[in-house]
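Just so we're on the same page: letters track the sequence lines, and every chain starts at 1. Quick caveat: nothing in here was measured; it's all calculated off a predicted structure.
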Number of protein chains: 2
Amino acid sequence: MANTVQGTQSFARSIGLLQHICDRASPPTLGDLLDECFFTRPTLYRLLNGLEAEGLIVQLRDKSYKPGPRLINLARSALATSDIRERARDALVRVRDQTGETVHLAVPSGDGLVYIDKIESLETVRMNSTVGTFVPLHSSGVGKAYLAALSDEELAAILDTVTLAPITPFTTIDPIKLREQITQCRAQGFVFDNQENETGIVCFGAAILDEDAKPIAAISISVPLFRLKKDISHYTAALKECVRWLSEDAI
Amino acid sequence: MANTVQGTQSFARSIGLLQHICDRASPPTLGDLLDECFFTRPTLYRLLNGLEAEGLIVQLRDKSYKPGPRLINLARSALATSDIRERARDALVRVRDQTGETVHLAVPSGDGLVYIDKIESLETVRMNSTVGTFVPLHSSGVGKAYLAALSDEELAAILDTVTLAPITPFTTIDPIKLREQITQCRAQGFVFDNQENETGIVCFGAAILDEDAKPIAAISISVPLFRLKKDISHYTAALKECVRWLSEDAI
DNA sequence: GTCGCACTGTCCACATTATGGGCAATTAGT
DNA sequence: ACTAATTGCCCATAATGTGGACAGTGCGAC
């Protein structure tokens with residue numbers, strides 16, 4: 001919101017509106033959007049027409065709007081050109097096979113991360129998350145792993161701007177505690193997410209670094225609490241080996 | 001291009017640029033884009049900054065631009081809110097099981113269609129290679145099926161504006177022949193795509209209609225030529241049953 | 001049937017916003 | 001270190017997006 005690039009106001013408005021429509025549980029109508037967004041009627045109307053003309057949204061019979069299929073087409077390109085996804089695939093499958101649990105790959109996007117790949121657990125009870133899901137920095141294994149891999153300055157800068165919204169009752173909303181967790185995680189080489197993003201699910205996370213030791217992605221192993229093994233090195237060993245391997249062969 | 005909605009010029013430019021970047025085989029640099037698009041340097045620079053600020057593109061170390069992860073997040077919403085995808089899933093699996101071949105579901109987007117689901121034998125279904133692919137109207141099973149389900153006026157209007165680009169040596173590029181094919185297809189209840197979109201692959205397609213008998217989606221069965229059964233009713237019977245079932249229970 | 005209400009869709013003068021010529025800063029190559 | 005090619009950035013200009021006010025449309029109540 002604050003980061004206003006000069007000369008792109010209307011574009012930012014349109015994308016903000018698109019995001020809002022995508023985030024809605026049910027397709028909003030023009031009236032809904034008038035209440036929820038701070039646009040005047042003609043402006044909103046024009047923005048919607050622009051989005052619709054581009055196929056980014058489609059208008060349903062009842063005049064409500066929902067995300068359009070062109071987004072799926074654009075996303076395909078994004079997935080296809082993600083070299084980290086390609087490179088990590090085999091290693092992620094290996095981690096899944098070693099641990100038997102679901103493995104996620106995420107990359108930073110905005111003030112959080114987006115899952116760009118998922119290797120499913122072979123067990124019958126699984127998580128119901130999907131590729132494309134946005135997760136906050138403070139309440140997910142991949143998020144905290146990403147934070148822990150940043151420099152102190154970068155970390156401080158982000159923690160100052162981000163609000164720690166409670167996602168579950170377990171979510172860390174105290175910046176001090178979060179910082180403690182991150183410090184601890186740096187020492188042990190992985191992060192632990194204790195049901196902070198989804199009740200009943202714990203995660204182990206670690207970041208993938210580029211040649212400058214900057215995080216470019218993060219992976220996590222998600223385990224249903226009831227199935228969690230006592231010896232967590234079962235998970236963390238596989239995780240650490242994976243990120244070491246992927247970080248080393250960074251171009 | 002032609003359909004210019006008033007008051008959205010800069011937005012249309014930005015999306016056009018984004019599409020161009022997504023369509024590129026390799027991430028373009030600012031110089032590349034200056035040659036390929038008709039923007040002045042400052043304009044292009046500003047548009048790129050706007051796209052990057054929104055996370056729709058990311059700038060690589062060598063200053064080139066590629067599609068960003070936010071597109072994947074937006075696409076997830078598009079897939080999640082696609083009721084036809086949800087509704088068709090079971091029926092598509094049935095067709096796959098009956099024929100043993102890959103089944104696609106596509107919806108119209110711009111002057112073509114986009115695959116929004118794919119059922120393949122013994123493959124985990126996720127947002128992978130072909131979901132999100134754009135296919136032209138004239139050179140694909142789903143495209144011709146969609147055309148065949150339109151009224152004569154709508155069909156004529158579209159055939160006047162669309163250029164029949166040759167995708168393979170088999171692609172129908174003669175409007176007269178295409179119209180003949182469509183007429184024939186209407187009579188028999190399905191369309192046949194003889195390697196027109198991919199050499200070595202033939203498709204059988206049919207459209208899914210809403211309560212007003214207007215096409216809202218199309219499905220196709222893709223068969224490698226070498227494996228094609230002599231008795232094509234093996235495919236077309238399953239296909240026709242599927243679309244009849246899906247068209248009937250339209251809300 | 002027709003009245004009233006709430007909604008979607010549109011016009012047009014205004015000024016805010018995007019535009020692009022030109023130039024500075026940065027990187028790559030010899 | 002010097003040149004060449006690239007990226008990055010002002011700022012005057014006018015073209016573009018903005019929003020107040022109003023017209024059209026569909027739907028339910030009485």
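The 12-atom threshold is not exceeded at CZ of Arg94(A), counting heavy atoms of other residues, nucleotides or ligands nearer than 6.0 Å.
Distance CD (Gln59(A)) to C1' (dT25(D)): 14 Å, rounded to an integer number of Å. Following rounding to the nearest Å, Asp62(B) (CG) and dT6(D) (C1') show an atom-to-atom distance of 13 Å. Phe11(B) places its CZ atom 20 Å from the C1' atom of dA15(D), with the value rounded to the nearest Å. Rounding to whole angstrom units, CZ of residue Arg61(A) and P of dC7(C) are separated by 21 Å. The nearest whole Å value for the distance from the CG atom in Asn49(A) to the C1' atom in dG9(C) is 9 Å. Rounded to whole Å, atom C1' of dT7(D) lies 16 Å from atom CZ of Arg46(B). Between Tyr45(A) atom OH and dG19(D) atom P the separation is 17 Å, expressed in whole Å. The distance from atom CG of Leu30(A) to atom C1' of dT25(D) is 14 Å, rounded to the nearest whole Å.
With no hydrogens or angles considered, a side-chain donor-acceptor pair links Thr40(B) and Thr43(B) at under 3.5 Å.
Using a 4.0 Å cut-off, no side-chain N or O of Ser10(A) falls inside it from OP1 or OP2 of dT17(C). Of the side-chain N and O atoms in Gln9(B), none sit less than 4.0 angstrom from OP1 or OP2 of dT18(D). Side-chain nitrogen and oxygen atoms of Lys63(B) include none within less than 4.0 Å of the OP1 or OP2 phosphate oxygen of dT26(C). Listed pair Thr29(A) / dC7(C) fails the phosphate criterion, with no side-chain N or O lying under 4.0 Å from OP1 or OP2.
A donor-acceptor pair is defined here as one N or O able to donate and one able to accept, closer than 3.5 Å; no such pair exists between the side chain of Lys240(B) and the backbone of Gly189(B). Thr81(B) places a side-chain N or O within donor-acceptor distance of the main-chain N or O of Ser77(B), the cut-off being under 3.5 Å.
When the nucleotides dC9(D), dC7(C), dG17(D) are ranked by their closest atom to the side chain of Arg41(B), dC9(D) comes out on top.
Both Leu47(B) and Tyr65(A) lie close to DNA chain C; mapped to their nearest nucleotides by heavy-atom distance, the more 5′-ward contact belongs to Tyr65(A). In this structure, Thr40(A) and Arg13(B) both approach DNA chain D, and ranking their closest nucleotides by distance from the 5' end singles out Arg13(B).
Residue Thr163(B) comes nearest to His138(B) through the heavy atom pair O-CE1, 4.3 Å, listed as atom of the first residue, atom of the second, then distance.
Ring planes of Phe11(A) and Phe11(B): tilted class, angle from 30 to 60°.
Rounded to 10°, the angle separating the first-five-pair axis and the last-five-pair axis of the helix from dG1(C)-dC30(D) to dT30(C)-dA1(D) equals 50°.
In this structure, Leu34(B) and Arg41(B) have side chains that are in contact, with non-hydrogen atoms separated by less than 4.5 Å.
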